[in-house]
Every structure is written in C-alpha cells, then in structure tokens.
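Report on the following structure.
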Amino acid sequence: MWIDPSRPAERALVTHGHADHARSGHGAVWATPETLAIMALRYGTEMGTPVAYGDGFEAGGVKISFHPAGHVLGSAQILLEHAGERVVVTGDYKRRFDPTCAPFEAVACDVLITEATFGLPVFTHPPIEDEIAKLLAARAANADGCIVVGAYALGKAQRVIAELRRAGYHAPIYIHGAMQKMCDLYAAHDVPLGELILATGLAKAEMKGAIVVAPPSAMNDRWAQRLPDPITAMASGWMRVRQRARQRNVELPLVISDHADWTELTDTLLELRPAETWITHGRTDALGRWCELHQLKARALDLVGREDEDEG
Amino acid sequence: MQAFAALLDGLIYTRSRDHKVRLIADYLRIAPDPDRGWALAALAGTLSIATVKAAAIRAMAEERFDPMLFRMSRDYVGDTAETVALMWPDVSQDIVAPTVSEVIDVLNSTSRARAPAVLAELMDRLDANGRYALLKLATGGMRVGISARLAKIAFGQAFGLSVDDVEEVWHALRPPYAELFAWGEGKSERPDPADSAFFRPFMLAHPLEEGNVDLTAFAAEWKWDGIRIQIASTGGETRLFSRGGDEVTGAFPEIAAAFQGIGVVDGELLVRGDLQGGEAASFNALQQRLGRKNVTAAMQAEYPVFVRLYDILFDGTEDVRALSWTMRRNRLEMFVAKLDPARFDLSAIIEARDFDHLAEMRAAARAAAIEGVMLKRRDSTYLAGRKVGLWYKWKREPLVADCVMMYAQRGSGKRSSLYSDYTFGCWTPDGALLPVGKAYSGFSDAELKWLDRFVRNNTVARYGPVREVEKSLVLEVAFDAVHESKRHKSGIAMRFPRISRLRRDKPADEADTIANLRAMIG
Ligand SMILES: [Zn+2]
Ligand SMILES: [Zn+2]
C-alpha cells in the first residue's frame, strides 16, 4: 500500500487531488470523498473507497485514518497506527484559515512525515486579508483595465474567490474556462463562490474593472491579450521573493499560499514534538537544520516525481 | 517609510519606463518634506550614508540568525538585503514605523561600529517591505532600474517642469533638495546658485548617418578620444565634472589647480604625447583615475593630462549659451589665451574646402587620439542634451556602438570562474533595452576582473548560469558590420563584436539606440 504514489500502484492512499499527489491509473484508491470527486472530475472514471475525516480502516494489521490537512478541499493527513506506534503523513498542509476547506487538525504521533515546500525562514505568508486588500486597491486604481490573477485551478483559485467574497466584493468574478468545472465542484460541496462568469468571447469594454482568475499557464498566452489593459497578478507563496515575481513578469504579487509557511512548519513540529521527523517535498535541508538546532531528530526523505502542481 | 517602501516595490514590479516615472512623480507630489527629498536622492544615486556598508548588514544578520539557515536563505533569495528583510521577525504591530528622514538622521548620526545595532532597532519597527526599503536606503543601490536622469524626469513630471530646467540647477543642490521642491510647488523662484561652481548639462551630438552637411553652415573639428569634461570655476572654487555630472575634481587635481579663470568650459581630457602603448593605454589611464577620490603624485607624473577645449558656457559670470557657436568660439579663443598652455589648449577647427575634402581628411587622419569628426552648426546655441540637426559626430571605422550590459555568463577554461561573456543591448524608442550582441573579448585582464566584480555586485536576477545585471554599465562595442537578423528580437545582429572599451563615465541612457545601429547596416 502506497501513499500518493507517483507511478500507478495496485493500492494507493491519496492525500489530496493535486496532480503530483493524485495520479491516475491506480488499482484501488482510498481518499476522502471530496478528493475522489476531484479525481473523478480530472481523470474520468476513477473509482475508489471514500474515507471521511476521522474515519479509518484496517489493512494488514495497520490502522489507517484520514484527518483534515487544511490545504485544499478534501485534503487529508494520513495516520498509520501499528503496534502502538503512530506515523502521520501530512501531505500538503497549512494552518491558516481557509473558507474553502476543513481546518488542519494536529494529530499526535511518533513519526511525522512533513512537507517542507516553504521550508526556508524567508517564507512568512502575510495575513490573506492584506493581500486581498492589495488586490482590491489595485482594482480600484485601475478602473479602465482589469486584473488577471494567476491561481492554480484546484484550491488557490477558489480560495482567492471565496476570500474576495469574504472581503465584501460581490461583483461577478470572471474565470478562465479551465477553472469552471472545479469551481462548480467546490460550489456543489457547499463552498459558495458567488456569481462567476466565463471570461471567453467577451468584449473588452465588458471586462473593464473586472477581476479575472486564470491558471498561471494562461497568463502569457493569446487568451490574456484579449483583456483590456490587464495587470498581471499572481497568488502564490513564492511571490514573497521579489526575484521570483519578477522572473514571471508579475506586476502585482499576492503572497497567498496553500502550504504551511516557515512559522507554521516549525510551530507544528514544536506542538507535536514527534520522536522522529521525516522531511519531504521542498527545502528539506533548511528544515532539517532547524530540527538540529532544536534537538529534534529529523532526516530528509527525497522523493522522486514530485513537481508541485500547486506550486505554492 | 511605508510609502517609500511601496514606491520601491512598485518600481521593482513595473517594467514600463513611463509607468515607473509616473509612480515616482506621484510619490514626490504627495510625500512630505524632507522624506521625498531623501527618496529622490536615493533614486538618483546622490544619497550616501557613510556609517552603513554591506558588512554592517551581514554583521546584523549574523547576530540574529543561524549562519547555516542564513546562507541557505541567501542562496535562494540571491540578495542579502532582501534575505535579511524577509527573515527578520515581525515585532509588535503598534510600534510607529520610522519616517525616511528619521532613518537618515539616525544613521547619519551614529558611528560605523554602532550602525548594526542602530539598524536593528529600526528593523524592529518595520514590516518586511519596510525593512527591505530600509536596507536598500541604508546601503544605496536601489536596483530598481532608475537612472539619475529618470529620477529628474519624474521630478519634472511631478511639478510640470521641463527636465532641462531641472538639470540646469540639479547639480548645485544637495539632498534633501528643499529648494528644489519649493520651486516645484511654486513657493519660490528657481534656485539660483550663481555663487557656487556646479555642473551644467552638456550639449551632445547625433551620429551623422548619411549624406553630407554644408560646411558653410557647419564647422568641423576633430572628435578627440579622451574623456569629455566640464570645468566650472567661480574664481574661488574650481570643479570638474564628467558626462553624467559626477564630480571628478579629486581625480584630476592638477587640472583644477591650473585653471585660472572664471567661467564654465567644455572640453576633452587627454593624455599628453603618445605614451606607453599609445591610445588605449592613455584612455585606460584616464578611466582608472576617473573612479578615484584622489590620486598620487606618481600617477599625475606618469600620465600628464591636459584639456582640449571645445566650447564655453559661461564667460566670467555671463551665461553665453544663448550665443551662436561662432560667437562662443570667439569668446573661447580669448578665454583659452589666458590659461596655462601646458594644461589647456583649443580644439582646432578643420579647414576643409568642402565635404568631400573633409571626408578625405577624416580618412587620412592617423593620430590615435582622433576618433572622428564633429560637425557643429555655426548658428547653434548651446543646448542641453541631444538636439536634432545641430551637432553631429562622424566616427571613424571600425564601427562602434555604445551598448548597455544586460546579462553575463561565466567563461570556459581558465576563465570559468569569471563572468566574462556579456550580452549587451541598445535602446528602443520606448525606453526598453533589447539585446544586440554578445562578446567575450577585447578587454584586459584587469578590466575582466573589474567586469566580473561589477557583474557580481550588480546582479538583479539569475537564470541558471546567466546573471541579469543592473542596466547601468556602458560598453563600447566594436564590430565589423551589422546586418538584419530574424533570430534577434532587436532585428539586427553584429558581426565580430568585441568590447573596445568600458565606458564607466557614460550614463546608460545615453547609449546608442537600435535605430542608430540599424543605420549602420550596409
Ligand atoms: Zn498540494
Ligand atoms: Zn504537493
């Protein structure tokens, strides 16, 4: 039995729906109902056994249960219990409030297998309210143009939309065609996103003052050229570093991430104090160094085939 | 500080030159005095805080952070100031952020030894963007793609003034430029610093592209291959300025000391005689001195410098720039007669029968220090900048162009540790740089070392092995020909480009345009 296998496996436990975690072609899949719905949307006929948060089952003497990871809709940590020893695989996680998914639950354990996407002390994600305020201010200052927000189609896009609503922005939000089905799926899972309009085939004049959410890959292609004076925004934890933002020609960087930042990563370790920590997925060296400084036993676990779909 | 920090970030993320100018202008209109004056100085590169060097920032970081975590972070971020700003913990929200002027005052009144601690206290009162702005302000080098010229253009735009009018007084004023802002807001007259010796903007020439000019309307003189220089003297005080208006008096004290006269003159700094390997050696010697605050007697003796005068801007206290070239030339001849002939002479007028004759003389000119021919309209007044149809420069073969370094890459073999391959560009009409070629030869070992250090100290981004540098260094590139190329975005490519000279004296925005290069196709 594998967790988030990168190659087709006979039996797979899947933490969440991002492509680098949920591949197609496995024999049997166990995942949360939301994750299974996302996989079905993406891969078509995918079948699997739903496991609700808090629920578990047994396989080969190991008790397996799923717990909220707070990363995207349906994202889970997986707890493995065997002979009194508890191992938690966090998958991707964050601890900030997110209106689009269940909040992270700290699960006591002996071994923690943690992600470290933003495992460098330079990564502190600012309060999302500040970033949304930046976006709304840029929109107000650019009434004749529009703002295109680059956001990954699963999770980030819906979170940005939901946070705009929470900030009192109730105008229609325009979305790229590639996001529509996922937004519908979120809405069907009781995540209200307000009025969304497909930003395809609309006249430039109609789009004045609009906020458009699009996958980052669409930002520099022909699709974006049809928009009126677009300001290029990007919602990603990488936007914290100016050079990263500049490299991608971003004019309005929004530091919005669905991963734990450095403080969340280290606070979680201090809170759980696992006997051993295995670090995967990201800056294993820096988080490992921090563990050493705090006398926590840790080692890096290098995984292959892990190129982030959600990219922070 | 927050407004200034927001401005810096805006400049970092804005690619369009016009938009950058607008952002600065908006800030300068709204920000209070003297904050905006200090900010203007920071952007124009005239602010220097002696107590804080890059070492102070490293010292401060080492005090707070684990060295290994700091190194990993620094390697990732690529910029020390930004790394420290991002790693620094956020302290309580309700502390009042310091203003720009408070930062300047505090840092200017501390000692070098105390600076790291003082800086740390200021850091504690700022958020991440504020901390970044603080460190950039304290160390200079904003790296936001703003030249001094652009900062002045923005100031002019903020207050509806022409940039030439701003240039005219700029060099007489000091940060935080209170008089400048008072003038801008219409609260006072334009500053009149007549009693001090300061820089006036140079008149510049366009390349002569084709055809010829009528020598009854234009005077011809040699274009000398040295360093263009302006000497301004009130009698009591004499100062020397290079092309961009930087003061270089300390680098050439013998010239300043020998200048006995009141006025402002324009000329070319040259080395007497055909010394030590001729042209290149002498030019390099001048360039080396240019960067110095003071020079030894030995250096002065080794390369005897003098100034060949082209023009006169002020005769005594009289502004003669509105006179015709012919009348100024008369004034200049009388002015030079009173100067020490060992240090000052007159750039001779070329007496040619007609344009063909001039072309012959130009082709026959063998002196290494002759770079070409200047053609000046006899009735032209002395105007700041490069005005159409008044002055032309007609350079000799090989073709050369002034380009701006954009990217650098390490060499191979024994140069693999040095950034020795350079991509350079020229300007488009809307103020962007497009690459026009790549060169990895033409410089000496000493120049290569200097270039390598320049690249390392001015990196703004890394793309694998390639570093993008601050677009501030002008490279004079020699090449055999230029031709159309579909492969390059600029539409042109050079044949056998090599670096003929480092033009550290030349501001980047005065480098050649793509159109200039295009005119050399043939
Ligand atoms: Zn993920
Ligand atoms: Zn992931």
Side-chain angles (χ1 to χ4, degrees), chain A residues 116-127 129-131 133-134 137-138 141-142 145 147 220 229-234 237-255 261-263 265-267 282-294 300 312, chain B residues 2 5-6 8-16 19-20 22-23 26 61 64-91 93 127-133 135-136 142-145 459-464 466-468 470:
Chain A
T117 305
F118 289 104
L120 272 179
V122 293
F123 290 111
T124 305
H125 309 324
E129 292 80 4
D130 295 359
E131 302 305 289
K134 259 199 319 204
N142 189 45
I147 301 188
N220 294 322
D229 280 338
I231 290 180
T232 310
M234 175 80 79
W238 303 117
M239 295 298 109
R240 172 89 165 156
V241 176
R242 287 169 176 77
Q243 230 35 266
R244 286 290 286 249
R246 271 175 50 97
Q247 273 168 19
R248 306 188 100 186
N249 288 327
V250 172
E251 297 163 288
L252 177 66
L254 302 171
V255 189
D261 69 7
W262 175 257
T263 314
L265 290 169
T266 54
D267 282 357
R283 291 305 298 253
T284 55
D285 54 351
L287 195 58
R289 169 66 181 167
W290 180 89
C291 288
E292 187 186 328
L293 291 170
H294 288 77
Chain B
Q2 304 311 86
L8 274 195
D9 271 354
L11 293 174
I12 286 169
Y13 298 122
T14 304
R15 305 228 157 205
S16 136
H19 193 184
K20 284 185 192 213
R22 202 157 63 230
L23 285 176
D26 288 346
R64 292 256 176 158
F65 309 130
D66 172 58
M68 243 168 108
L69 284 176
F70 179 67
R71 186 177 46 73
M72 289 174 192
S73 300
R74 165 75 180 72
D75 286 351
Y76 177 81
V77 173
D79 176 277
T80 302
E82 182 169 13
T83 309
V84 176
L86 292 177
M87 284 179 80
W88 201 268
D90 281 316
V91 187
Q93 296 276 318
D127 67 7
N129 289 348
R131 294 191 292 263
Y132 176 78
L135 295 181
K136 289 288 164 185
M142 295 285 133
R143 310 257 173 102
V144 288
T459 300
V460 297
R462 297 168 201 224
Y463 308 97
V466 177
R467 290 189 178 211
E468 181 179 359
E470 180 77 7

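Order of the sequence lines sets the chain letters (A, B, ...), proteins ahead of strands, with each chain counted from 1. Note that the structure is a prediction, hence the values are computed from the model and not measured.
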Report yes if the side chains of Leu293(A) and Met68(B) come closer than 4.5 Å at any heavy-atom pair, otherwise no.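 Counting from C-beta outward, Leu293(A) and Met68(B) never come under 4.5 Å.
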What do the steps show when you test Asp66(B) against Arg289(A) for side chain to side chain contact (heavy atoms under 4.5 Å, CB included), and what is the final call? CA-CA 9 Å; Asp66(B) 172 58; Arg289(A) 169 66 181 167; 2.6 Å; yes
Which atoms of [X] approach chain A - backbone, side chain, both or neither, heavy atom under 4.5 Å:
X: Phe65(B); value: neither
X: Thr14(B); value: neither
X: Asp9(B); value: side chain
X: Val84(B); value: neither
X: Asn129(B); value: both

Counting heavy-atom pairs closer than 4.5 Å to chain A, which one of Glu468(B), Arg462(B), Glu82(B), Met87(B) comes out on top?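 The candidate making the most pairs under 4.5 Å is Glu82(B).
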Can you tell me which of Ser73(B), Ala85(B), Gly78(B) forms the most heavy-atom pairs within a distance under 4.5 Å of chain A?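 Among Ser73(B), Ala85(B), Gly78(B), the one with the most close pairs to chain A is Ser73(B).
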About how many Å separate CZ of Arg15(B) and CD of Glu251(A), when rounded to the nearest 0.5 Å?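 That separation rounds to 9.0 Å.
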Atom pair CZ/OH of Arg283(A) and Tyr76(B) - distance to nearest 0.5 Å: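 It comes to 8.0 Å.
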Val241(A) versus chain B, the contacting section by heavy-atom distance below 4.5 Å: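 When you check distances to chain B, atoms from both the backbone and side chain of Val241(A) fall under 4.5 Å.
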Pro126(A) portion near chain B, given a 4.5 angstrom heavy-atom threshold: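 For Pro126(A), neither part sits under 4.5 Å from chain B.
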For Tyr13(B), all residues meeting side chain to side chain donor-acceptor pair (under 3.5 Å), sequence neighbours excluded: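 Side chain to side chain donor-acceptor pair (under 3.5 Å) check on Tyr13(B) returns nothing, list empty.
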Side-chain (Arg240(A)) to main-chain (Leu86(B)) donor-acceptor, under 3.5 angstrom: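 Yes, Arg240(A) side chain to Leu86(B) backbone: donor-acceptor pair under 3.5 Å.
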Search all heavy atoms of Met72(B) against all heavy atoms of Leu120(A) and return the closest pair with its distance.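 Shortest heavy-atom contact: CB-CD2, 4.0 Å.
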Residue pair Pro121(A) / Leu69(B): nearest heavy atoms and the distance that separates them: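 For Pro121(A) versus Leu69(B), the nearest heavy atoms are CG-CB, 4.2 Å.
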Heavy-atom pairs under 4.5 Å with chain B: which of Ile231(A), Thr124(A), Asn249(A) has the most?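 Highest number of pairs under 4.5 Å: Asn249(A).
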